[in-house]
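Heads up, the thing below is written out as structure tokens.
In each ligand, atom 1 is the first atom listed, and ligand 1 is the first ligand listed.
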Amino acid sequence: MAREFASIGVVGLGTMGAGIVEVFARNGIEVVAVEVTPEALERGRAHLTGSTDRAMARGKLSQEDRDALVGRVEFAVGLDALHGVDLVIEAVPERLDLKQKIFAELDRVCKRDAILATNTSSLSVTEISVATTRPDQVLGMHFFNPAPIMKLVEIIKTVVTAPDVVDDVEALCTRLGKVDVTINDRAGFIANALLFGYLNHAVTMYEARYATREDLDAAMKLGCGLPMGPLALMDLIGLDTAYEILDTMYRRGGRDRRHAPAPLLKQMVTAGLLGRKSGRGFYTYEKPGSPAMVTDGLTPEPVEAAAATSTIRKVGVVGSGTMATGIIEVFARSGYEVTSVTRGAERSAALCESVKTSLNKAFVRGKITEEERDLALSRITWSATLDHLADTDLVVEAVVEELSVKKALFASLDEICKPGTVLATTTSSLPVIECAVATNRPGDVIGLHFFNPAPIMNLVEVVHSIRTAPDTVSTARALVESLGKHAVVCADRAGFVVNALLFPYLNDAVRMVEVSYANADDIDYAMKLGCGYPMGPFELLDVVGLDVSLAIQRQLYLEMREPGFAPAPLLEQLVTAGYLGRKVGRGFRDYRD
Ligand SMILES: NC(=O)c1ccc[n+]([C@@H]2O[C@H](COP(=O)([O-])OP(=O)(O)OC[C@H]3O[C@@H](n4cnc5c(N)ncnc54)[C@H](O)[C@@H]3O)[C@@H](O)[C@H]2O)c1
């Protein structure tokens, strides 16, 4: 029989604590919520009121239930109020000395059989537990932000945590409607160990002015389907908390440079820019604690799509693969005259069929009318001769991902196309500057990195080399907007924004399996339920293809020479063994019947 928890204490009512109070009170459990000062207590109470008000406004909570929920919470200053509770969850700032002091005090105040849990994200639960005389009754209960919404709880057991304590807390999580994963005490546990390297990398990119905050966030939302971009997520987590977590992970987790907090973080924390809780972080909010973003001095002007349509009317697309097929369709559907060039009449005929099939699918699914489908088709000219691109305003190259082939093609385009034609490459991994210097017009050469499938994915990375002219960038940006897609502008560096941020995280997940810290299922669960990712890393790796993922990771490693980017040996082994993912029926998982 699992233990009954009639009343629960929560220490610290900040970003996490207030949410945790709500989780318990919503599930009919009496809560004693404590803070360090009356002012902080009032802030915590306001947090709970604000959150339950919003739930009521959204129709998720009735007035009656809300009153009952709030009625279950007793607010108090100081730990003495916790003498009668069965379990305490501590959610004070991420500092070991503070947490140890609080646990020693809790040990003195609480009932002998009370369980003491910490919500730490990165500190050693073991080190916290030894500040008490009952380390066997201490564990980690790591909730995710926002606690009332995110389904995951990581339960961290130390070498001394008693098994029945773990069982009881697992049963409690089930009662709360949460999904738990139980793991050992290691810096960052599952989710943060995979998340924070990525978040810190995004801050570094922002700090280096590689892309704007809006573009970094849009890239990860639109390119990977994440619920929030990395900088908006940092604001939600709290920059002070994020700094402490990174700092601890760096020191505890083998001094991986990727966890050394970006210098900008420290500056922002020192300046009091803590994120949502202080009303300003990477973005500006209506008021402290508000989720509503407001415009500020860094908010960009909206892009004028009309600017592109006035300069670009005729578009050439070179290539006959998946990307070329999608890109031809996208331009034709948006009203551009398209000249498709392949390496032969047979290829052109097959390509024409693929585009027809795809347009038909869009028609059948009700995305376009019959007339729009026919009009789009009528705008495309099929050719096997590059000379037909002479009078185009833009050429998009989507041929094989081999530098020598692309360079030769750009040299030919340079000879054939009229002056002023924008020459674009869809490369996902080669340097745009290499294509640019194969021409005598490097200022007109740019990267337009479409995502697959191009008609569906709304993101295009607009990649400028160090020679790309500013006019070319603004034309390309406006052009992308005219396609109904979102342009993210970034510099010419391996992986651009999305792949550079995504693949090291996937590689880290492989390493986590390799060292047997957690299995693929638990890791996939953790990222989906703790961070709201649409797919776990192993699901995604199997869809993308392990060979493709390995190639991208190698490219990132070769260009950045970042030791943490070295491809995980397990990934290399799976590729060598031919386990390439869904496309062959087996990758990290087996898809054969
Ligand atoms: N922010 C996140 O997204 C997130 C997610 C999961 C876990 N965590 C972890 O949760 C813990 C709390 O983080 P947070 O982001 O909520 O921090 P926070 O700064 O928002 O809140 C901490 C609260 O603790 C209070 N406090 C400080 N000393 C106290 C004491 N002696 N007694 C009682 N209360 C005290 C503060 O007044 C403050 O309200 C940290 O360990 C953090 O790593 C944070």
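- Shown in contact with Glu94 at under 4.0 Å from a heavy atom are these atoms of ligand 1, numbered in order with element: 40 (C), 41 (O), 42 (C), 43 (O).
- Without hydrogens or angle criteria, Asn519 side chain to Asp522 main chain gives a donor-acceptor distance under 3.5 Å.
- Listed for the Glu207 side chain is a donor-acceptor partner under 3.5 Å among the backbone atoms of Leu264.
- In this view, Ala114 and Cys110, Lys111, Arg134 satisfy the side-chain contact (heavy atoms from CB on, under 4.5 Å) rule, not counting sequence neighbours.
- Selection from Glu35, Glu90, Arg43 by nearest heavy atom to atom 37 (O) of ligand 1 gives Glu35.
- In this structure, the protein non-hydrogen atom closest to atom 3 (O) of ligand 1 is Asn145 ND2, 3.0 Å.
- In this structure, atom 33 (C) of ligand 1 lies nearest to the protein heavy atom Val11 CG1, 3.5 Å.
- Distances between N or O atoms of Pro93 and those of ligand 1 include no value under 3.5 Å.
- Annotation: Ile237 places an N or O atom under 3.5 Å from an N or O atom of ligand 1; distance criterion only.
- A donor-acceptor pair under 3.5 Å is formed between the side chain of Asp296 and the backbone N or O of Leu298.
- Nearest protein neighbour of atom 21 (O) of ligand 1, counting heavy atoms only, is Gly14 CA, 3.2 Å.
- The residue Phe144 has no part lying near ligand 1, judged by heavy-atom distances below 4.0 Å.
- Of all the heavy atoms of Ile102, the ones lying under 4.0 Å from any atom of ligand 1 belong exclusively to the side chain.
- Geometrically, ligand 1 and His142 share no nitrogen or oxygen pair separated by less than 3.5 Å.
- Looking at Lys277 next to ligand 1, an N or O pair under 3.5 Å apart turns up.
- In plain terms, the two heavy atoms of Phe24 and Val31 that are nearest each other are CB-CG2, 3.7 Å.
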* CA sep, side-chain torsions, deciding dist, call: His142, Phe189, ring-ring contact (aromatic ring centres under 6.0 Å, His included) -> CA-CA 9 Å; His142 184 229; Phe189 318 127; 5.7 Å; yes
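- Taking all heavy atoms of Thr241, Leu79, Leu233, Leu13 into account, the minimum distance to atom 17 (O) of ligand 1 is reached by Thr241.
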* To do: Please step through ring-ring contact (aromatic ring centres under 6.0 Å, His included) for the pair His201 and Phe565, ending with a clear verdict.
  => CA-CA 12 Å; His201 190 182; Phe565 286 178; 5.8 Å; yes
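- Salt-bridge check for Arg175 with Glu4: passed, with a basic side-chain N closer than 4.0 Å to an acidic carboxylate O.
- In this structure, Lys277 does not pair ionically with Asp235, as no charged nitrogen and carboxylate oxygen lie closer than 4.0 Å.
- Here the heavy atom of the protein found nearest to atom 11 (C) of ligand 1 is Val92 O, 3.4 Å.
- The proximity of Glu244 to ligand 1, defined as any non-hydrogen pair under 4.0 Å, does not occur for either the backbone or the side chain.
- Looking at heavy atoms from C-beta onward, Met220 lies in side-chain contact with Tyr198 at the 4.5 angstrom threshold.
- The residue among Thr248, Thr37, Asn119 with a heavy atom at the shortest distance from atom 9 (C) of ligand 1 is Asn119.
- The nearest heavy-atom contact from the protein to atom 16 (O) of ligand 1 is Met16 N, 2.8 Å.
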Between side-chain atoms of residues 494-507 and protein atoms elsewhere (two or more places apart, or another chain), which donor-acceptor pairs fall under 3.5 Å?
from, atom 1, to, atom 2, distance (Å)
Asn507, OD1, Ala568, N, 2.8
Asn507, ND2, Ala566, O, 2.9

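- Nearest to atom 8 (N) of ligand 1 among the protein's heavy atoms is Ser121 OG, 3.1 Å.
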